[in-house]
Amino acid sequence: MGRQMTVEEIVGSVESGMTLGIGGWGSRRKPMALVRALCNSPVRDLTVISYGGADVGLLCAAGKVRKLVAPFVTLDSIALEPHFRQARQNGTIEFEEYDEGMFMFGLYAAAHGLPFLPTQAGLGSDVLATNPRLKTVADPYGGEELIAVPALRMDVSFVHLQRADSRGNALYLGGDPYFDDLYAKAADRAYVSCEKLVDTADLLKEGPVQALLVSRAQVTGVVETPNGSHFTTGDDDRRDEAFQRHYVEAAASPEAWAAFRARFLDGDEAAYQAAVRAWREEQ
């Protein structure tokens, strides 16, 4: 059963060399408050499993990633995350690539305690050549060759949902669960950040029971982080496109990034939110 924690307590439980899963999708509903704090921690050499966006980009920029397991790293309205691009071009991270469907099967396998799941996705493509970890299996009933996608198991996972109670039951608002339930189940320890903590009795006031995505049974800790998914989509299911563009522009040179980091990222979460509000007033 989950318990209410601080951002610092959650990030302090992550150790160098761990495998970290991060929920959300691209530049949508990412647990950015936890990611920002992790960037300012001494943790290094992480293996990150993510439908990647700015979460992966920030961790690459901070030198925290040894290996990335992902189908893509995108900001959605901006096709390729700039810090991920730089890390790949510079050869500073190892990259294990899947397509979106294969990645989903890897999450399902880990969430259900299976070593792998078979799929037709990827057959006939170069994925077996570019990802030597992948193997094929024969259907024991009909003999068909299938790709065996290995379970994407995690030591720790971070997910961000709009509402949660103090025990870790969590509800998403908007149109898509983004597989966050699988990240919670696939990890030895799962942590939920949320826009707002509410009483358990109030969880279903803003969404149907089907939106109650994450169960306290899978959650180690929960923390309230208002606007904590910024600049990815959050409480109103909108992304801060203007700030996202500012982030990408700052990634264009070491000098611009150093200035961006000093203004927005070197402090705690309260300092980040205050700096964003001040920046918005300048526009």
Side-chain angles (χ1 to χ4, degrees), residues 1-2 5 7 10-11 13-14 18-38 43 46-59 64-65 67-74 96 98-117 149-164 167-195 210-223 225 228-229 232-234:
M1 182 189 299
M5 299 174 71
V7 167
I10 291 172
V11 169
S13 74
V14 181
M18 279 186 166
T19 297
L20 170 67
I22 306 176
W25 178 285
S27 193
R28 306 177 209 180
R29 214 178 68 223
K30 288 288 184 175
M32 296 302 291
L34 295 176
V35 170
R36 284 187 282 269
L38 190 60
V43 170
L46 294 172
T47 295
V48 177
I49 297 175
S50 177
Y51 283 105
D55 55 328
V56 170
L58 278 180
L59 290 170
K64 303 300 184 186
V65 182
K67 179 180 179 180
L68 174 66
V69 182
F72 54 71
V73 186
T74 181
E96 186 174 308
Y98 297 87
D99 80 0
E100 295 172 18
M102 296 169 76
F103 192 84
M104 177 190 71
F105 279 110
L107 292 177
Y108 270 115
H112 292 89
L114 300 171
F116 71 92
L117 276 174
V149 181
L152 297 177
R153 294 194 180 91
M154 308 155 197
D155 297 307
V156 174
S157 66
F158 294 165
V159 298
H160 184 84
L161 290 95
Q162 282 91 349
R163 301 291 179 267
R167 294 181 293 177
N169 298 299
L171 177 109
Y172 75 98
L173 306 176
D176 204 314
Y178 303 133
F179 303 108
D180 283 356
D181 53 331
L182 300 184
Y183 280 95
K185 294 173 183 175
D188 292 341
R189 290 186 282 116
Y191 297 100
V192 173
S193 63
C194 67
E195 296 288 325
Q210 297 93 322
L212 193 59
L213 188 66
V214 174
S215 164
R216 62 191 173 97
Q218 280 93 39
V219 173
T220 302
V222 59
V223 60
T225 58
S229 60
T232 72
T233 61

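Counting from 1, the numbers follow the sequence of the chain as shown. When reading the values below, keep in mind they use all heavy atoms of this one structure, side chains included, and skip hydrogens, waters and symmetry mates.
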Next item on the list: With the side chain counted from C-beta on, respond yes when Tyr191 and Ser13 share a heavy-atom pair under 4.5 Å apart, and no when they do not.
Entry: yes
Taken to the nearest 0.5 Å, the spacing of Met18 CE from Asp188 CG works out to 8.5 Å
Ignoring hydrogens and geometry beyond distance, is a side-chain donor-acceptor pair present between Lys30 and Thr233 at under 3.5 Å? no
Are Val223 and Ile10 packed together at the side-chain level, in the sense that at least one heavy-atom pair is separated by less than 4.5 angstrom?
yes
Is there a side-chain contact between Val48 and Lys64 (heavy atoms, below 4.5 Å)? no
*State, yes or no, whether a side-chain contact exists between Val65 and Val56 at a heavy-atom distance under 4.5 Å.*
no
The complete set of side chain to side chain donor-acceptor pair (under 3.5 Å) pairs with one or both residues in residues 175-184, sequence neighbours excluded, reads Arg29-Asp180
Quiz item: Is there a side-chain contact between Tyr98 and Pro150 (heavy atoms, below 4.5 Å)?
Solution: yes
Rounded to the nearest 0.5 angstrom, the CD-CZ distance for Glu100 and Phe179 is 8.5 Å
Quick one: do Asp99 and Met102 satisfy side-chain contact (heavy atoms from CB on, under 4.5 Å)? Show the steps, please. CA-CA 5 Å; Asp99 80 0; Met102 296 169 76; 3.1 Å; yes
Those residues at least two apart in sequence (or on a different chain) that pass side chain to side chain contact (heavy atoms under 4.5 Å, CB included) with Leu114 are Ala109, His112, Leu117
Query raised in the report: Got Val7 and Leu34 here, is their nearest side-chain heavy-atom distance under 4.5 Å?
Result: yes
Output for pair (Arg189 CZ, Leu20 CG), nearest 0.5 Å, gives 10.5 Å
Taken in chain and number order and not counting sequence neighbours, the residues that satisfy ring pair (Phe, Tyr, Trp, His ring centres under 6.0 Å) with Phe103 are Tyr51
When rounded to the nearest 0.5 Å, the distance separating CG of Leu59 from CG of Leu38 is 5.5 Å
With sequence neighbours left out, the residues meeting side chain to side chain contact (heavy atoms under 4.5 Å, CB included) with Ala184 are Ala190, Val214, Gln218
Donor-acceptor pair, distance only, cut-off 3.5 Å: does the side chain of Gln162 make one with the backbone of Glu195? no
| So do Ile22 and Ile49 actually touch side chain to side chain, heavy atoms under 4.5 Å? | no
Rounded to the nearest 0.5 angstrom, the CG-OG1 distance for Leu152 and Thr47 is 11.5 Å
Salt bridge (charged side-chain N to carboxylate O under 4.0 Å, His left out) pairs touching residues 152-164, sequence neighbours excluded, are Arg163-Glu206, Arg163-Asp235
Q) Do the side chains of Arg36 and Leu58 get nearer than 4.5 Å, heavy atoms only? A) yes
Nearest heavy-atom contact between Ala110 and Ala151 is N-CB, 3.7 Å
Output for pair (Lys185 NZ, Ser215 OG), nearest 0.5 Å, gives 8.5 Å
Do any side-chain atoms of residues 67-74 form donor-acceptor pairs under 3.5 angstrom with protein atoms, and if so which ones, sequence neighbours left out?
{"unit_1": "Lys67", "atom_1": "NZ", "unit_2": "Glu96", "atom_2": "OE1", "d": "2.8"}
{"unit_1": "Thr74", "atom_1": "OG1", "unit_2": "Asp76", "atom_2": "N", "d": "3.0"}
{"unit_1": "Thr74", "atom_1": "OG1", "unit_2": "Ile78", "atom_2": "O", "d": "3.4"}
{"unit_1": "Thr74", "atom_1": "OG1", "unit_2": "Ala79", "atom_2": "O", "d": "2.7"}

Test side-chain contact (heavy atoms from CB on, under 4.5 Å), reference Val222, set Val192, Asn169, Leu161, output is Val192
